[in-house]
Amino acid sequence: MRLSEAGRSWRRRGIVLFSLAIIAWSLLVPPRSLLGKCDLVGYALCHRIPSHSFHLAGRQLPLCARCTGIYLGTLWVILFISMTHRRGSRFPPTPILALLMVFFLFQAVDGLNSYLALLFHLYEPRNLLRFIAGVLNGLTIGALVVPLFNAALWRSPASEPSIQEWWEVEVLLIGTGGLTALISADIPLLLYPLAVCSALSAVLVLTLVNTTIVIMAAGREGMAVGWTQAWLPLLVGLDLSLLEMGALILMRGLATYWLGFPLSSALASQL
């Protein structure tokens, strides 16, 4: 038993040291500015087409309009669930889930319409509409990811939906309206808050998904009673997220070099 405990202790230390190395590498690799790091997250996860993105203070946001909406919407619903159903491990009731699926289909249709705009389109694609479609789909993503994460991580997750009542849907929709008003206000001072929140939200979503996958793959469901037991799997999930984004950045960089795919001017100036 003592050897087993010692082995677990050394394994935990190894994971922490490896994690610190990955985090340090992520912080030290150029670009080193805060907005540059946000751009790097966008470069890994988003096409970043300038015409499909919002610009504040003369600078393109790290993610396109649709991805900005997706991750800000997901961040909003994660925060809301954390305050109302902290460890809810069930999907929303069927009527609410059906509405969330409508949000998902709305983004799918809007994305297809935007993609086929050069050939034909049902309506004129606009960045604000891309954002709205994205932020509504972000509600769907958060409402599904959080209960899966809670069910995998916690020893005693709450047997309640992530979103339970229609008043909660109304509050979430009011919040999405607020986010839409902020993004459409074109206020230069919002550059940093929107850039940082959207980039951090992207990392958070990847971390939650990777943590859930790692726990289930290792057969360690229900291992955590509190956050003192949860930090290690979350750290592994963060490591995987940073490594995945690093791999995507490398592949896109190679595609840029060999195939001539465009590199945004904001990011290129910092590399």
Search all heavy atoms of [X] against all heavy atoms of [Y] and return the closest pair with its distance.
{"X": "L63", "Y": "C46", "result": "CD2-CB, 3.6 Å"}
{"X": "P188", "Y": "A57", "result": "CB-CB, 3.9 Å"}
{"X": "S159", "Y": "S89", "result": "CA-OG, 4.2 Å"}
{"X": "L153", "Y": "P233", "result": "CD1-CG, 3.9 Å"}
{"X": "A152", "Y": "I215", "result": "O-CG2, 3.4 Å"}
{"X": "T84", "Y": "F80", "result": "OG1-O, 2.9 Å"}

Validation row: [X], [Y] side chains within 4.5 angstrom (heavy atoms):
{"X": "P92", "Y": "S162", "value": "yes"}
{"X": "L128", "Y": "I183", "value": "yes"}
{"X": "P125", "Y": "N113", "value": "yes"}
{"X": "L61", "Y": "H55", "value": "no"}
{"X": "E221", "Y": "M216", "value": "yes"}
{"X": "P161", "Y": "P93", "value": "yes"}
{"X": "L240", "Y": "T211", "value": "no"}
{"X": "I15", "Y": "V236", "value": "yes"}

Just how far is it from atom [atom1] of [X] to atom [atom2] of [Y], taken to the nearest 0.5 Å?
{"X": "L148", "Y": "I213", "atom1": "CG", "atom2": "CD1", "value": "10.0 Å"}
{"X": "L194", "Y": "L191", "atom1": "CG", "atom2": "CG", "value": "8.0 Å"}
{"X": "S26", "Y": "L40", "atom1": "OG", "atom2": "CG", "value": "9.0 Å"}
{"X": "L235", "Y": "S19", "atom1": "CG", "atom2": "OG", "value": "3.5 Å"}
{"X": "I163", "Y": "L139", "atom1": "CD1", "atom2": "CG", "value": "7.0 Å"}
{"X": "W154", "Y": "M223", "atom1": "CH2", "atom2": "CE", "value": "10.5 Å"}

Are [Y] and [X] connected in a single hydrophobic cluster, I mean Ile/Leu/Val/Met/Phe/Trp/Tyr linked by side-chain heavy atoms less than 4.5 Å apart?
{"X": "L189", "Y": "L179", "result": "yes"}
{"X": "L243", "Y": "L28", "result": "no"}
{"X": "L232", "Y": "V225", "result": "no"}
{"X": "W227", "Y": "L79", "result": "yes"}
{"X": "M245", "Y": "L27", "result": "yes"}

Anything under 3.5 Å between a donor and an acceptor, one on a side chain of residues 200-208, the other on a protein residue two or more places apart or in another chain? List them.
{"from": "S201", "atom 1": "OG", "to": "Y71", "atom 2": "O", "distance (Å)": "2.4"}
{"from": "T207", "atom 1": "OG1", "to": "V203", "atom 2": "O", "distance (Å)": "2.8"}

>> side chain to side chain contact (heavy atoms under 4.5 Å, CB included), that's the test. Do C64 and R130 meet it? Break it down for me.
In response: CA-CA 9 Å; C64 74; R130 293 183 178 106; over 6 Å; no
> Checking side chain to side chain contact (heavy atoms under 4.5 Å, CB included) for the pair L172/V77: CA distance, chi angles, key distance, verdict?
Replying inline: CA-CA 7 Å; L172 289 170; V77 75; 3.9 Å; yes
By side-chain contact (heavy atoms from CB on, under 4.5 Å), which residues pair with [X], not counting sequence neighbours?
{"X": "I49", "answer": "H47, S51, H52"}
{"X": "L34", "answer": "Y192, V196"}
{"X": "C197", "answer": "L72, L75"}
{"X": "L20", "answer": "V16"}

side-chain hydrogen bond (donor to acceptor under 3.5 Å, both in side chains) with [X]: which residues, sequence neighbours excluded?
{"X": "T212", "answer": "none"}
{"X": "W76", "answer": "none"}
{"X": "N210", "answer": "S241, E244"}
{"X": "S184", "answer": "none"}

> Any salt bridge (charged side-chain N to carboxylate O under 4.0 Å, His left out) pairs touching residues 100-111, not counting sequence neighbours?
Replying inline: R66-D110
Counting only N and O atoms by type, is there a donor-acceptor contact under 3.5 Å from the side chain of [X] to the main-chain atoms of [Y]?
{"X": "K37", "Y": "R32", "answer": "no"}
{"X": "S114", "Y": "G111", "answer": "no"}
{"X": "R252", "Y": "A44", "answer": "no"}

Which side-chain N or O atoms in residues 94-109 pair as donor and acceptor under 3.5 Å with protein atoms at least two apart or in another chain?
{"from": "Q107", "atom 1": "OE1", "to": "N137", "atom 2": "ND2", "distance (Å)": "3.2"}

>> Please enumerate all residues that pass ring-ring contact (aromatic ring centres under 6.0 Å, His included) together with W167, with sequence neighbours excluded.
In response: none
> Any luck finding a side-chain donor-acceptor pair between S53 and R48 under 3.5 Å?
Replying inline: no
> T140 and T74: side chain to side chain contact (heavy atoms under 4.5 Å, CB included), yes or no, with the steps?
Replying inline: CA-CA 8 Å; T140 304; T74 305; over 6 Å; no
> Can you list the steps and then say if N127 with F131 is a side chain to side chain contact (heavy atoms under 4.5 Å, CB included)?
Replying inline: CA-CA 6 Å; N127 281 340; F131 178 85; over 6 Å; no
